Amino acid sequence: MGGYLLTDNAPLKGRNTLRVDARARLLAEIRDPTALPGLLAQPAVAAGDILVLGEGSNVLFAGDVDATVLAMATQGVEMFEDAERPRLRVAAGERWDDFVRWSLARGYPGLENLIMIPGTVGAAPIQNIGAYGVEVAEFVDMVEAWDTQAGAFVELSTADCAFGYRDSLFKRQPDRFIVTAVTFGLPRDRAPNLSYAGIGDELKKMGIAKPAPIHIAEAVVSLRTRKLPDPAVIGNAGSFFKNPWVPKAQAQALQTEHPQMPVWPASDTLAKLSAGWLIDACGLKGARDGDAGISNRHALVLVNHGIASGAELWAFAQKVQRSVGERFGVTLEPEPRVLGHTS
Ligand code: FAD
Ligand code: EPU
């Protein structure tokens with residue numbers, strides 16, 4: 001059949017950056033999005049659930065997946081030169097980091113703070129990827145998707161996507177929308193975003209006083225290389241928990257007790273805490289139970305030292321959640337999608 005490749009009882013170990021050895025009942029590698037309606041109508045697929053997968057850098061397979069996994073492998077970038085700003089329509093299966101580097105190489109500013117984030121372009125709107133003071137929502141003009149509920153291809157505007165911190169319409173209704181392409185509007189000119197203090201320090205070290213986007217990208221690459229473990233070396237999914245938003249009064253009370261605890265403004269009534277700090281303060285940085293553990297480089301990163309199962313990784317993550325809950329009264333919510341768990 002054209003447009004996709006179907007495999008039964010497919011291994012997922014090479015398709016998730018935590019390197020969990022799980023299997024999918026069926027796996028369809030999608031090469032052409034127009035094949036989606038036909039594929040989804042096939043009895044073996046229509047009878048069960050679906051799970052959309054990019055590079056698997058934000059999922060934890062806590063068990064096998066009793067569903068058809070739709071792995072997005074579509075490619076291509078189209079450019080529309082607009083009087084105001086270049087618009088780029090990118091296929092869902094393109095690698096995000098390749099696209100960032102491609103845009104910078106063509107002299108388009110905007111995505112420099114978001115360099116080196118693993119994953120596909122199609123997944124970028126799902127949790128509204130963000131790093132170093134910038135979120136992708138700022139550049140998303142339109143998301144194209146197959147809406148499984150409507151049984152139709154749809155185009156969603158930025159407002160439709162309801163983006164928030166590590167949040168969107170897509171995250172709240174998993175697998176309803178199969179994102180097939182994203183159109184980005186990049187500014188012709190843009191003041192550098194240096195709101196994350198570490199970027200300024202890094203630029204100073206580099207001897208750059210007036211940074212161009214490429215310098216910021218270089219500073220971010222240095223920061224990320226130093227701070228975050230590389231999934232090619234040790235299995236991980238980046239931050240395992242979101243930074244929690246709590247009522248301002250609770251944040252103030254905690255900070256009075258722990259003056260060195262970082263607190264950032266989040267909204268009129270809420271403050272954002274640092275999940276990494278809370279986990280570190282529980283003494284869990286570098287802790288492990290068999291092959292499941294917390295990175296010794298960054299306390300917010302759950303790591304697979306070797307052959308930890310998804311269930312073992314999930315059990316360890318829950319242990320971390322409990323420790324932070326008991327010590328600080330703060331509930332940590334996983335950032336990656338946890339699939340196939342029973343508790
Ligand atoms: P997957 O992990 O395959 O999927 C993630 C979610 O998106 C799942 O719910 C999946 O069902 C859904 N999905 C994927 N593709 C589609 C599609 N085409 N249509 C509909 N749904 C889809 N994230 C950040 O925001 N900021 C960071 O700084 C950051 N740093 C990271 C560093 C490391 C080392 C790692 C391993 C991860 C990091 N992440 C970060 C998380 C991850 O890179 C992003 O969430 C990324 O967007 C996931 O892309 P993916 O293709 O791997 O998605
Ligand atoms: N910290 C510790 N111990 C640690 C690590 C961090 O105490 O081991 C404290 C420090 O006080 C540090 C603070 O946590 O200043 C914040 O750490 P960092 O700057 O590394 O950022 P983060 O809040 O842990 C968030 C995102 C990252 C993103 C970075 C940079 C979330 C859940 N995570 O991490 O995104 O790259 O900021 O902007 O919002 C991801 O989502 O997977 C991800 C890696």
Side-chain angles (χ1 to χ4, degrees), residues 12 15-18 30 33 50-61 67 69-74 91-97 113-136 143-146 148 165-166 168 170-171 173-182 195-199 220 223-224 226-244 260-264 272-281 284-286 294-303 332-339:
L12 296 172
R15 291 183 184 269
N16 72 99
T17 59
L18 270 165
I30 314 292
I50 57 162
L51 164 68
V52 194
L53 193 66
E55 274 182 19
S57 64
N58 216 24
V59 291
L60 166 56
F61 293 121
V69 170
L70 306 176
M72 299 307 285
T74 52
E94 287 284 349
R95 291 188 66 242
W96 170 258
D97 189 49
N113 298 58
L114 300 177
I115 196 164
M116 221 177 143
I117 299 180
T120 53
V121 166
I126 308 304
Q127 73 158 2
N128 178 21
I129 54 169
Y132 303 99
V134 175
E135 288 181 340
V136 77
V143 174
E144 290 168 59
W146 172 263
T148 56
Y165 164 65
R166 299 292 190 269
S168 71
F170 312 108
K171 197 147 182 186
Q173 299 187 32
D175 303 316
R176 171 174 168 188
F177 296 98
I178 303 167
V179 174
T180 54
V182 183
S195 58
Y196 184 95
I199 296 187
V220 170
L223 279 168
R224 295 187 72 101
R226 208 169 51 239
K227 285 185 170 211
L228 291 167
D230 178 356
V233 177
I234 184 163
N236 76 86
S239 301
F240 195 81
F241 297 102
K242 294 193 219 174
N243 285 324
Q260 64 292 38
M261 185 184 82
V263 177
W264 302 286
K272 184 151 110 172
L273 306 181
S274 160
W277 187 90
L278 296 168
I279 296 168
D280 204 344
L284 290 168
K285 192 167 176 173
I294 289 293
S295 166
N296 57 13
R297 280 187 167 197
H298 199 301
L300 196 43
V301 182
L302 182 77
V303 289
L332 292 184
E333 206 186 303
E335 183 199 277
R337 186 162 170 200
V338 183
L339 293 145

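Just so you know, these numbers come straight off a predicted model, no measurement behind them. In each ligand, atom 1 is the first atom listed, and ligand 1 is the first ligand listed.
- Of the options Q127, R166, R337, a side-chain hydrogen bond (donor to acceptor under 3.5 Å, both in side chains) to N58 is made by Q127 and by none of the others.
- Of all the heavy atoms of F241, the ones lying under 4.0 Å from any atom of ligand 2 belong exclusively to the backbone.
- The shortest contact between atom 3 (N) of ligand 2 and any protein heavy atom is with D280 OD2, 2.7 Å.
- Counting heavy atoms under 4.0 Å from ligand 2, residue S274 touches it through the side chain alone.
- Below 3.5 Å of separation, one finds an N or O of R224 facing an N or O of ligand 1.
- Distances between N or O atoms of P118 and those of ligand 1 include at least one value under 3.5 Å.
- Of the protein's non-hydrogen atoms, the one nearest atom 2 (O) of ligand 1 is N58 N, 2.7 Å.
- Residue contacts with ligand 2 for A299 involve both N, CA, C or O and side-chain atoms from C-beta outward (heavy atoms, distance under 4.0 Å).
- Under a 4.0 Å criterion applied to the non-hydrogen atoms of K285, ligand 2 contributes the atoms 4 (C), 8 (O).
- Ligand 1 lies less than 4.0 angstrom from a heavy atom belonging to R166.
- With atom 26 (C) of ligand 2 as the reference point, the heavy atom nearest to it among E333, R166, E335, K227 is part of R166.
- An N or O contact shorter than 3.5 Å is missing between N128 and ligand 1 by distance.
- Ligand 1 lies within reach of F177, whose nearest heavy atom is under 4.0 Å from it.
- Between the choices E135, M116, K242, R224, the shortest heavy-atom distance to atom 36 (O) of ligand 2 belongs to R224.
- In terms of N/O distances under 3.5 Å, ligand 1 is approached by Q127.
- Checked against a 3.5 angstrom limit, the closest N/O atoms of E335 and ligand 1 fall outside it.
- The nearest heavy-atom contact from the protein to atom 42 (C) of ligand 1 is S57 OG, 3.3 Å.
- Looking only at heavy atoms of the protein, atom 25 (C) of ligand 2 is closest to N243 ND2, 4.2 Å.
- Distances from ligand 1 to the non-hydrogen atoms of G56 include at least one value under 4.0 Å.
- In terms of N/O distances under 3.5 Å, ligand 1 is not approached by I126.
- Note on ligand 2: F240 sits outside its first shell, no heavy atom being nearer than 4.0 Å.
- For atom 53 (O) of ligand 1, the closest non-hydrogen atom on the protein side is A123 CB, 3.4 Å.
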